[in-house]
Each structure stands twice: as structure tokens, then as C-alpha cells.
Amino acid sequence: MHLQSLVLLAAASLARAETHDRHDARQTAPAGPEAWTAAYAKASTALAKMSQSDKINIVTGVGWDKGPCVGNTPAIGSIGYPQLCLQDGPLGVRFGTGSNAFTPGIQAGSTWDVELIRQRGAYIGAEARGCGVHNILGPAVGPMGKHPDGGRNWEGFGADPYLQGVAAAATIEGIQSAGVQSTVKHFIGNEQELNRETMSSTIDDRTIHELYLWPFAEAVRSNVASVMCSYNKVNGTWACENDKILNGLLKNELGFPGYVVSDWNAQHTTNGAALGGMDMTMPGSDYSGKSILWGGQLSQAVSSNQVSKARLDDMAKRILAAWYLLKQDSGFPRINIKASVQGNHKENIRAVARDGIVLLKNSGILPLKKPGRLAVIGSSAVVNPKGANACVDRGCNTGALGMGWGSGTTEYPYFVAPYDAIKTRAQSDGTTVTLQNSDSTSGVQSVASGADAAIVFITANSGEGYITTEGVAGDRPNLDPWHNGNQLVQAVAQASQNVIVVVHSTGPIVLETIQALPGVKAIVWAGLPSQENGNALVDVLYGLVSPSGKLPYTIGKSRNDYGIKVSTGNDNFSEGLYIDYRHFDKENITPRYEFGFGLSYTNFTFSDISITSTAKAGPATGAVAPGGRADLFDTVATVTATITNSGAVLGAEVPQLYLTLPASAPSAPPKQLRGFVKLKLAPGASGTATFNLRRKDLSYWDTRLQNWVVPSGSFGVGVGASSRDIRLTGTLTA
Ligand SMILES: OC[C@H]1O[C@@H](O[C@H]2[C@H](O)[C@@H](O)[C@H](O[C@H]3[C@H](O)[C@@H](O)[C@H](O)O[C@@H]3CO)O[C@@H]2CO)[C@H](O)[C@@H](O)[C@@H]1O
């Protein structure tokens, strides 16, 4: 179908879009494709004024390291189009010196708080705009986290497509509300760093739809401006020249009206990329500046009709439409990556850092109550002695951890380490703090012994494969804490029966050694809190807030429990739909801490489930709108439940809705997340969790019909406090 027809159809169908309940995770329907229609009209007018060389310029980066941003295209004077600035990344303006280091995606995901995530996106967008960045290269929803040790998992929101989708949509809507283009990445099947630039990801049709494409569909529905194609091949063809995934899935099936930008140097051929659906090449040359695949080469291909003029026009129009969509044609600030743009955004950073902390274990030691003496132990209790930004692209694990490493990092404008914040609090309480800022086990007993609490800090780090840190080239080789963390905790627990273990990590670590120690009275999963690391932790340790984060992945009892391993050759995705909790559930493996788990300082009771449904079995029939067939997003069932804070302090609970497909569906995971809500409740207060289930939420991908189908029969509905703590059950029938 022609793109403009798609956009018009979409406008018509979205006019009918329902409004979502206030409490639903997806609180607002996205702006709607009528905005794209107007943008396309302007793009057509501008295109008519452009020469072929203008069109080649708008789709070709100027070359690596040849402009103010990590990606740049030349200005086109005839239409008042600027030198376009594309800059990482998912947690703020990379290389900025006047901007903030927002919390990584995984911490945002672990808040399960859509409004905080949306605000985070809006602030990232505002900072990008203030720096003159037209396109911010985030959020990341791939990798999703099929490998618990995948190096870049921390850039995204968690190992579940629904959670990724909701968080990505809110982030994109936030970023684009500031008038900045958002790029969702990496499309698709780039789940590991090892061999990412040579390997092929073999993903079957159903798995790609139900897992990996899902968050991209939500991003497209939220009118994301651009999509970044990834380094790997998909089913044997490079992602950036893969007709099936770019033209087929993304542009036709999802009705994506924006443009596809290559990951940096992910393009392999001139014509293949153009015909396969890529619209902009970045950075425009290889890192040595020598190899250029578009520019003059694309011009020749068009002149010799190997690539049609219509295809070049389509590329240019998509890029122009995104620029007009975000109204960047008037009053956009000039490019200055070093601009001072921080505002009061650190409040969001602290809130996400704090509300993303997951309390895994607490035998009554927390919250702290004016302890007489605290022992603080571990090299990650203090800021890197050489400075928080000492390592390029955060490529080290020295001192307190706030983010992983790679292109998805920013410079810290400041860094509050745990010890800094604990010391400040201790001063006001009259607490003595004894510090051991190393991971040495010798001498630690004297520091810990006699303390009211001994707080031990351990870490695990990972990142992007172009940097190797302490021998780790991106993906972690195991799920153990770094720097002998297990031995450090053991040594402390020999001297103290009041040990609090604080974990800063890019992903799951195996906690069995620590868990077995009787002296360990609490485990605080503090994740990746960025610059507000210590402040967020103190808020939780001292009960200024009740912890309310929930795990965005499963913590298994062993690495083997996850079933799959980082591939040394091609990645076969033979596990299909069964990643993370879907795998643990299917194989009946008890995790140490399950997906969705997190304790509070208060208690919540769940009651009064109510289910109403108009769901009808059968395939989707609606016209294609951005995101897919429009009727996929119609609410067809509503589930409500009452949640009561039955404890003594203010707290927030995240009731989660898991669906089980009827027996008539092809075999499917025992349960799948299809709704969540974060409810803040005073002691004794009750709130209603409302989950609006859309047709898509009830569907599976039918490979024969090539469509989403609602299976007939009875669906299991479970509402609970985690994926393994289902408190209320019911059914709905289609
Ligand atoms: O930044 C844009 C996208 O780039 C990809 O990461 C690249 C990263 O930005 C870049 O800094 C790094 O460059 C190094 C290069 O790999 C190495 O060969 C050369 O010697 O040094 C360069 C500078 O350090 O390359 C990264 C890709 O390999 C990301 O995948 C993507 O998410 C970013 O948005």
C-alpha cells in the first residue's frame, strides 16, 4: 500500500481510538497519524524544490568525526533544512558537559512507573533540544534481554516485550513532546555483543512478532520518527538491507511513516540497502573515513536506474516528514552539545533511581533507624578515585556504578556515591561511619564487627563490544559479581550478623552464595542509578520512601537455569518465545527472585477482581495505522482489582496482569505480562487497578494467516504482585 494512503487510513481509524483508563499503563493514546499527514504534505512541497544532489545529501551522513554530532547530514539551503544532528543516546546527550546523565533504561523499567518514564523522556528531549540535537538515538528496546548476560541489556527496559513496549512508547512520547526526533533501536535480533557485526539471527515468524517486534510496534504507534537497523543479519540478510524486515514488517505491516537510519557502519551495500528499505546511512563513511557506500555511489545507482528515483524520493520524504512532524522547521536551537540544559531534571533522575530500587530480602533490618555505627564496605561505595568520567564511554568498573559502558552512556555532571550520601545522613543522625573503600577481604572483619549494620557494595558490569573492560568484551562471561563480590560478602558476614548487601548491576547476578549466609539480613537491588546513586539509596535505606521497584528480569539460581547461552556462531533463537520468565515457567524452574518481584516496607492485599469482555475470537481486520492494524489497539476487555495498603506506612504496589491463552491457541508461554499499574497508597487506603486489554494483548501471531488472531475459548487472567505471586485469578472468554 502507498505510504500516504496508509497515513490517511490511519488518521481515520485513530479518530475512533478509545481513551485509556487513568490507571492503565498506557495512559494516553498517541497523538495520531493526522500529524504525519500534514508533515507529509510539507515534505512533498519541499521535495519538489530539491535537486538530486540535495536528495543524496539528506540521506547520507557527512562521515565519521566530521561534524558536531555523532551523526550529521549536510544543510540544504534551498529548503531551509539544517545540518541535521543525530546524537546518542538512550539516557541523555552523549558527550554533553552541561546535561544530565539520566538513569539507564533498565532502571526506568524497574520502576514500572509510566509517568516517571514519560517525564524522563520529556526531560531527555528537552535537554537534547537545548543542545540543538534534532534526533536523539534512543530508546533502545533491542536487545530485549534474551541472554541474561547480554552486554547492552541495560540500555533497554527489561526482558519482556510488553514492559519494553509500554516504556518505549512513554519515552518516545516524552522525547517527541519536546520537539525532538526519537530513534528506537536496534532493529532487530541484536541480542548479544559477541560477533554482532558478523552473525545472523535466525528468528521464526511467530517469535519475531510476539517478542522482538512487539516493542517496535508500540514505538511506531507512538509516532517514533526513526528506527535504527542493527549490525547483525536477520535470517541470513543484513538487517540494514533486509527487505523482509524493513519493507515487509516495519513499513508495510506496522505502517511506519518515518525513516530507517543505519547503526553506525551497519550498511554493507549501496543498492541492497536502498532497495531493502534503509533511508539514511550513518555516519556516512567508515571509521577511517575511506569507505563511503552512499553519497556519490547512490547518485550513480539512481542515475543508472539501479535504484529508482521514486525510492530516493521516498527516503528523502520520510526524513523530511519526520523533521516537519516535530516542527523543527522553525525556532530550533543551534547545535551546541555542550549547552547548559540541566534544569531541575535531577529530581526525575533521583526519583527513577530510587523507585527502581528493588528490595529482594529484608529480615527486619531495614529501614535503618538512627544506627550508632555503620560499616560501609566495597570499592563501589565511593566514586572512582580518578573521577566519575575518567573512563571513556564509562569503559571501566572502578568505583560506584551508575551505568554500563558504550555509546549509550553520557558524562556525569556530578556523581553522588553511596558513601557520600550515607555520610551526610549519618551526620544528621549522629551515626559513626567506618569506611573500607576496597574489596579486600583482609581486615574487613574489624571494620564490620560491632557495627549496627555492615553495608557491603558489590557490582556486575557490561556494555558495548567495542570496549573491553577487565577482560569483558561486552557480554558478561558469567553471572557472578565482579571483584570477588561473593567472597567479600562472606568475609563481612563472618564478622557481622547485620549485613546489608547492595547490588549495582547491569543485569541479573546469581545470589546463591550470598543468600545462604545467615548474617545477610537484607539484599537491596539498586540497579543502575546514574548520578543520583547515593541519594536514591539513602532514600530507601532510611525509609524516606518505601521501596517500590520490581525486577525487570528473572534472577535465577544458576546461569544454566536460563537455558540458552550467548552464541559463538550465529544466533539461532531456538528457544522461540521462551525467554526469561517464560522459560522458567515452561520448564518449571524455581528462580531465586522472579520477574516482577519486589518487597516493600508495607503490605498490600489484593481483592475483588472483576472482568468484563467484548472480545471476539478471530483475526484482526482493521486498516493499517502506525503500529499495525488499528483494531489491534481497541480495548476488548477490562480487568479491575482492588489493592489495599494493609501495612503501616505509605507505599506503592505494582499489580501485574498475566494472561494465559486458551487451549485452542498454538502452544504458548504459561503466562505473559499484559498489564501493570503503579498505585501509591497511604496506610489503610485502597485503590483500583484497571487494566484495559487490547485485541493485540489477547492475540497470537498466526503464521498461516499472517495476522494476529484472538483464539477462541477461555483465557486465564491472573493479577498479582509478581509473575510468581498471583493473588487473584479469573477467566474471560472469546
Ligand atoms: O553512536 C551512534 C551509534 O553507534 C553505535 O556505536 C558506535 C559508537 O558510537 C562509536 O563511538 C564507536 O566507535 C569506535 C569504533 O567502533 C572503533 O572501531 C574505533 O576505533 O573507535 C571508535 C570510537 O570509539 O563505535 C560504535 C559501534 O561500533 C551504537 O551501536 C549505536 O547504538 C549508537 O547509537
Side-chain angles (χ1 to χ4, degrees), residues 17-29 109-119 160 162-163 165-167 169-170 173 218 351 355 545-550 595-615 633-660 671-698 714-734:
E18 76 289 345
T19 51
H20 290 288
D21 183 275
R22 226 183 120 248
H23 296 297
D24 191 276
R26 302 171 298 266
Q27 293 205 350
T28 49
S110 115
T111 67
W112 300 62
D113 185 329
V114 183
E115 285 322 301
L116 267 187
I117 295 171
R118 190 184 305 280
Q119 186 187 56
D160 175 88
Y162 185 89
L163 178 59
V166 169
E173 288 162 24
E218 300 293 339
D355 293 354
V545 295
S546 196
S548 63
K550 299 275 187 173
F595 178 87
F597 177 83
L599 299 172
S600 168
Y601 294 149
T602 186
N603 296 309
F604 297 97
T605 53
F606 290 53
S607 60
D608 302 328
I609 189 168
S610 151
I611 302 172
T612 55
S613 170
T614 57
F633 302 98
D634 292 344
T635 294
V636 295
T638 298
V639 177
T640 61
T642 302
I643 315 298
T644 303
N645 181 344
S646 48
V649 295
L650 177 70
E653 175 61 299
V654 183
Q656 301 152 44
L657 185 145
Y658 293 88
L659 265 194
T660 304
K671 64 173 104 68
Q672 309 198 68
L673 182 72
R674 287 292 184 258
F676 63 87
V677 179
K678 192 153 193 173
L679 293 176
K680 195 171 178 183
L681 295 167
S686 295
T688 302
T690 303
F691 308 98
N692 289 323
L693 296 169
R694 310 163 303 176
R695 166 173 281 275
K696 187 171 180 184
D697 298 327
L698 269 55
S714 175
F715 289 72
V717 177
V719 175
S722 81
S723 62
R724 291 266 169 132
D725 183 9
I726 302 299
R727 309 275 182 91
L728 304 170
T729 57
T731 56
L732 68 87
T733 305

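Being a predicted model, the structure only gives us computed values, none of them experimental.
Summarising the geometry, atom OG belonging to Ser686 is positioned 11.0 Å from atom CZ belonging to Phe604; distances are rounded to the nearest 0.5 Å. In this structure, CD1 on Ile726 lies 9.0 Å from CZ on Phe606, to the nearest 0.5 angstrom. A distance of 7.5 Å separates OH in Tyr658 from CG in Asp160, rounded to the nearest 0.5 Å. With values rounded to the nearest 0.5 angstrom, Thr111 atom OG1 is found 7.0 Å from Asp355 atom CG. Atoms NZ and CD, on Lys696 and Glu218 in that order, are 5.5 Å from each other to the nearest 0.5 Å. How far OG1 of Thr638 is from CZ of Phe691: 11.0 Å, rounded to the nearest 0.5 Å.
Phe595 has its ring centre less than 6.0 Å from the ring centre of Trp112.
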Between Lys680 and Glu115, is the salt bridge (charged side-chain N to carboxylate O under 4.0 Å, His left out) condition met? List the steps. CA-CA 12 Å; Lys680 195 171 178 183; Glu115 285 322 301; over 6 Å; no

Tell me, with the steps shown, if Val717 and Leu659 meet side-chain contact (heavy atoms from CB on, under 4.5 Å). CA-CA 5 Å; Val717 177; Leu659 265 194; 3.9 Å; yes

Could you please spell out the steps behind the side-chain contact (heavy atoms from CB on, under 4.5 Å) verdict for Val166 and Phe676? CA-CA 10 Å; Val166 169; Phe676 63 87; 3.7 Å; yes

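With 3.5 Å as the limit, one finds a donor-acceptor pair spanning the side chains of Ser600 and Ser546.
Results of the side chain to side chain contact (heavy atoms under 4.5 Å, CB included) test with Leu732 over Thr614, Val636, Leu693 single out Leu693 as the only residue that passes. No option in Leu728, Leu657, Asn692 other than Leu657 meets the side chain to side chain contact (heavy atoms under 4.5 Å, CB included) test with Val639.
Side chains of Lys678 and Leu116 form no contact here, defined as non-hydrogen atoms less than 4.5 Å apart. Side-chain contact between Val677 and Thr690 is absent, with no heavy atoms from C-beta onward closer than 4.5 Å.
Checked by atom type and distance alone, the side chain of Thr644 never pairs as donor or acceptor with a backbone atom of Ser646 at under 3.5 Å. The backbone N or O of Leu681 sits less than 3.5 Å from a side-chain atom of Asn645, completing a donor-acceptor pair. Glu653 places no side-chain N or O within 3.5 Å of a backbone atom of Ile643 that could act as its donor or acceptor partner. Between the side chain of Lys550 and the backbone N or O of Ala721, at least one donor-acceptor pair lies under 3.5 Å.
The minimum heavy-atom distance linking Ala170 with Val114 is given by the pair CB-CG1, 3.8 Å. Closest approach of Ala689 and Pro655 over heavy atoms only: CB-CG, 3.8 Å. In terms of heavy-atom proximity, Leu163 sits nearest to Gly109 at CD1-O, 4.1 Å.
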